[in-house]
Undergrad: 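Have a look at the structure that comes next, please.
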Amino acid sequence: MKMPSARGPVSAAVIDALARSPYDFSCDPDGVGDEDLHLALFVLYELHYRGWDGVDDRWEWHPGLLALRAGLEARFEAQLIELVGPPAPAEDVPRALVALTSDSSGPSLSGYLRGRAAREQFQEFATHRSIYHLREADPHTFAIPRLGGAAKAALIEIQIDEYGGGVAHRMHQEMFKATMTALGLDTEYGAYVDVVPAATLANNNLMSLFGLHRRWRGALLGHLAAYEMTSTGPNRAYGNGLRRLGGDADATRFYDEHVEADAVHEQIAAYDMCGSFCKAEPESAGDVLFGARCVLAMDDRWAAELLERWAAGESSLRG
């Protein structure tokens with residue numbers, strides 16, 4: 001991935017450091033703004049995925065970067081708790097997940113894209129989503145070695161489908177490239193990090209935060225469950241919206257695949273994965289629901305931001 005442009009002093013310090021060989025780096029995160037915070041976190045997290053072009057891999061576990069990341073994560077976690085409240089003890093997590101994901105009071109971005117969006121707006125939507133979809137499933141895979149028994153088996157069952165059963169062109173990451181190609185977008189991994197706003201980066205940072213910390217493994221499962229349990233209807237709408245705009249079968253295959261697969265995944269995620277995990281580790285049940293509440297609230301906030309910008313006749317992307 002090509003390194004993006006800085007959005008403030010903290011992301012500038014990180015980007016400048018990564019252009020050099022590892023040295024005694026330190027940076028104070030006090031007073032960091034949201035754009036700066038989430039770009040800096042995204043840059044730091046990417047070191048644990050595919051890395052950045054020309055960056056020395058030894059930076060991945062550099063103590064100075066890890067210290068900065070911990071400071072930024074503390075601010076992010078405080079924002080999450082302010083948004084949805086802290087994790088709390090919970091019972092019957094599968095039923096609670098069903099109740100959480102059945103709430104349809106949020107903004108209907110999928111409805112807008114299905115029936116009203118112009119082609120340029122659908123392009124912008126895909127641009128935002130490309131930050132995740134071009135590495136789809138990777139953040140949740142971090143949970144596999146941190147689980148055992150039925151919960152681990154259920155997670156692997158979901159992930160096998162996400163990775164196309166081991167067939168490269170069936171991987172959801174690869175399918176999304178066909179959607180982007182049909183929309184005239186650049187399919188290079190991370191090509192649009194520079195143009196998406198903090199809200200988009202924050203959605204991606206959320207799953208990395210949960211994925212890279214063993215203590216948040218329950219929240220990562222709740223995050224995945226919420227994704228799977230709210231996927232079928234929106235992806236049907238996305239596919240129909242793209243067909244309305246002239247998209248062919250190759251363009252819509254990514255969305256059509258999710259309609260079919262996630263109808264099965266939602267039961268596996270709620271009961272076999274999260275239910276089994278909470279039975280084995282009841283003290284982590286509150287974390288599962290915390291992860292689900294976080295992703296649902298942040299997705300609603302992100303969708304509202306897009307719809308507000310479009311209603312004003314503006315682009316949802318950075319200039």
Side-chain angles (χ1 to χ4, degrees), residues 1-5 15 38-39 42-43 45-55 109-110 113-114 117-141 159-205 207-208 211 227 231 234-262 299 302-303 306 315-319:
M1 191 186 294
K2 295 177 182 177
M3 190 65 71
S5 301
I15 290 168
H38 284 293
L39 180 63
F42 188 88
V43 170
Y45 284 147
E46 183 58 29
L47 295 172
H48 301 284
Y49 289 95
R50 303 187 203 178
W52 297 98
D53 291 356
V55 172
L109 178 61
S110 62
L113 289 164
R114 179 187 64 237
R119 182 179 178 84
E120 292 77 14
Q121 292 169 333
F122 209 107
Q123 285 176 315
E124 288 189 10
F125 167 72
T127 297
H128 288 279
R129 287 301 200 193
S130 71
I131 308 303
Y132 170 62
H133 286 321
L134 291 181
R135 67 178 182 198
E136 183 166 337
D138 292 350
H140 301 106
T141 298
Q159 297 300 84
I160 286 173
D161 282 349
E162 299 288 338
Y163 291 123
V167 179
H169 73 269
R170 293 176 54 196
M171 293 172 61
H172 292 179
Q173 299 174 6
E174 295 299 315
M175 284 186 182
F176 194 68
K177 290 182 179 179
T179 300
M180 295 182 72
T181 298
L183 289 166
L185 298 174
D186 187 345
T187 62
E188 184 179 0
Y189 179 70
Y192 293 109
V193 172
D194 248 340
V195 301
V196 298
T200 303
L201 295 178
N203 286 347
N204 286 270
N205 287 339
M207 58 189 93
S208 295
Y227 255 21
S231 173
N235 276 292
R236 181 179 291 111
Y238 301 148
N240 289 338
L242 190 49
R243 273 183 281 273
R244 174 179 61 82
L245 295 168
D248 61 13
D250 286 339
T252 64
R253 184 170 292 115
F254 174 84
Y255 300 119
D256 296 338
E257 168 70 16
H258 281 75
V259 172
E260 181 178 346
D262 293 349
D299 263 3
W302 172 78
L306 263 64
S315 171
S316 64
L317 301 173
R318 300 177 75 240

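Any value given below was found using the heavy atoms of this structure, including those in side chains, with hydrogens, waters and symmetry copies removed.
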Undergrad: Evaluate the side-chain proximity of Pro4 to Leu39: yes if any heavy-atom separation is below 4.5 Å, no if none is.
TA: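 Yes - at least one pair of side-chain heavy atoms lies under 4.5 Å apart.
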Undergrad: Looking only at heavy atoms, which two atoms of Ser110 and Pro234 are closest? And how far apart?
TA: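 So the two residues come closest at CB-CA, 3.8 Å.
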Undergrad: Which residues pass the ring pair (Phe, Tyr, Trp, His ring centres under 6.0 Å) test with Phe42, sequence neighbours left out?
TA: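 Testing Phe42 for ring pair (Phe, Tyr, Trp, His ring centres under 6.0 Å), a comparison that skips the adjacent residues, returns none.
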Undergrad: Is atom CD of Glu188 surrounded by more than 12 heavy atoms (other residues, nucleotides or ligands) closer than 6.0 Å?
TA: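 Yes.
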Undergrad: Looking at every non-hydrogen atom in both residues, tell me the closest pair between His128 and Ser316 and how far apart they are.
TA: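 That closest heavy-atom pairing would be NE2-OG, 2.9 Å.
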Undergrad: Mind checking side chain to side chain donor-acceptor pair (under 3.5 Å) for Thr127 and listing every partner two or more places apart, or none if nothing turns up?
TA: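 Result, side chain to side chain donor-acceptor pair (under 3.5 Å) vs Thr127: none returned.
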Undergrad: What class does the angle between the rings of Tyr132 and His140 fall in, given that below 30° is parallel, 30 to 60° is tilted and above 60° is perpendicular?
TA: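 Aromatic pair Tyr132/His140 classed perpendicular.
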Undergrad: Please enumerate all residues that pass salt bridge (Lys or Arg N to Asp or Glu O under 4.0 Å) together with Arg129, with sequence neighbours excluded.
TA: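 With neighbours one apart ignored, the set is empty.
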Undergrad: Give the minimum heavy-atom separation between Gln159 and Ala137, together with the two atoms involved.
TA: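 Gln159 and Ala137 have their closest heavy atoms at NE2-O, 2.9 Å.
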Undergrad: Among residues at least two apart in sequence or on other chains, which ones pass ring pair (Phe, Tyr, Trp, His ring centres under 6.0 Å) with His133?
TA: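 Per chain and number, His133 pairs via ring pair (Phe, Tyr, Trp, His ring centres under 6.0 Å) with Phe176, Phe254.
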Undergrad: Might you point out which heavy atoms bring Arg50 and Leu134 nearest each other, and give the distance in Å?
TA: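 Nearest heavy atoms, Arg50 then Leu134: NH2-O, 3.1 Å.
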Undergrad: Measuring from Thr252:OG1 to Arg244:CZ, what's the distance to the nearest 0.5 Å?
TA: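 Spacing of OG1 (Thr252) from CZ (Arg244) equals 13.5 Å.
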Undergrad: With sequence neighbours excluded, tell me which residues meet side-chain contact (heavy atoms from CB on, under 4.5 Å) with Thr187.
TA: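 Once residues adjacent in sequence are excluded, the partners of Thr187 under the side-chain contact (heavy atoms from CB on, under 4.5 Å) criterion are Lys177, Met180, Thr181.
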Undergrad: My understanding is that only residues two or more places apart in sequence, or in another chain, count here; which of them pass side-chain contact (heavy atoms from CB on, under 4.5 Å) with Met171?
TA: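 So Met171 forms a side-chain contact (heavy atoms from CB on, under 4.5 Å) with Tyr163, Gln173, Glu174.
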Undergrad: Let me confirm one number: the CE-CD1 distance from Met3 to Ile15, rounded to the nearest 0.5 Å.
TA: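 These two atoms lie 6.0 Å from each other.
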Undergrad: So, the side chain of Asp194 versus the backbone of Ser5: is there a donor-acceptor pair under 3.5 Å, distance only?
TA: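 Between the backbone of Ser5 and the side chain of Asp194 there is a qualifying donor-acceptor contact (under 3.5 Å).
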Undergrad: In Å, rounded to the nearest 0.5 Å, how long is the span from CG of Leu109 to OH of Tyr238?
TA: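 These two atoms lie 5.0 Å from each other.
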Undergrad: Which value, rounded to the nearest 0.5 Å, describes the distance between Phe122 atom CZ and Thr179 atom OG1?
TA: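 If we round to the nearest 0.5 Å, Phe122:CZ and Thr179:OG1 are 8.0 Å apart.
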Undergrad: Who pairs with Ser208 by side chain to side chain donor-acceptor pair (under 3.5 Å), at least two apart in sequence or on another chain?
TA: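 By the side chain to side chain donor-acceptor pair (under 3.5 Å) rule, Ser208 matches Tyr49.
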Undergrad: What heavy-atom pair brings Ala117 and Leu245 nearest, and what distance separates the two atoms?
TA: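 Smallest interatomic distance, heavy atoms only, reads O-CD2, 3.7 Å.
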Undergrad: Using salt bridge (Lys or Arg N to Asp or Glu O under 4.0 Å) as the criterion, list what pairs up with Asp256, not counting sequence neighbours.
TA: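 Only Arg243 meet the salt bridge (Lys or Arg N to Asp or Glu O under 4.0 Å) criterion with Asp256.
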Undergrad: Could you report the tightest heavy-atom contact between Asn205 and His38, atom names first, then the distance?
TA: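 In this case the closest contact between Asn205 and His38 is ND2-O, 3.0 Å.
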Undergrad: Compare all side-chain heavy atoms of Leu183 with those of Leu242 and state whether any distance is below 4.5 angstrom.
TA: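 A side-chain contact under 4.5 Å exists here.
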Undergrad: What pairs with His258 under side chain to side chain donor-acceptor pair (under 3.5 Å), at least two apart in sequence or on another chain?
TA: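 For His258, the residues satisfying side chain to side chain donor-acceptor pair (under 3.5 Å) (neighbours in sequence not counted) are Glu136, His172.
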Undergrad: List the residues meeting salt bridge (Lys or Arg N to Asp or Glu O under 4.0 Å) with Arg135, not counting sequence neighbours, and say none if there are none.
TA: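 Arg135: salt bridge (Lys or Arg N to Asp or Glu O under 4.0 Å) contacts with Glu46.
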Undergrad: Kindly say whether Leu113 contributes a backbone atom to a donor-acceptor pair with the side chain of Gln121 at under 3.5 angstrom?
TA: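 Such a contact is absent between Gln121 side chain and Leu113 backbone.
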Undergrad: Does the Tyr192 side chain pair with the main chain of Asp186, one donor and one acceptor, at a distance under 3.5 Å?
TA: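 Yes, Tyr192 side chain to Asp186 backbone: donor-acceptor pair under 3.5 Å.
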Undergrad: Just jot down the salt bridge (Lys or Arg N to Asp or Glu O under 4.0 Å) partners of Asp250, sequence neighbours excluded, or say none.
TA: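 Per chain and number, Asp250 pairs via salt bridge (Lys or Arg N to Asp or Glu O under 4.0 Å) with Arg253.
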Undergrad: The criterion is side chain to side chain donor-acceptor pair (under 3.5 Å); which residues satisfy it with Trp302, sequence neighbours excluded?
TA: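 Side chain to side chain donor-acceptor pair (under 3.5 Å) check on Trp302 returns Thr200.
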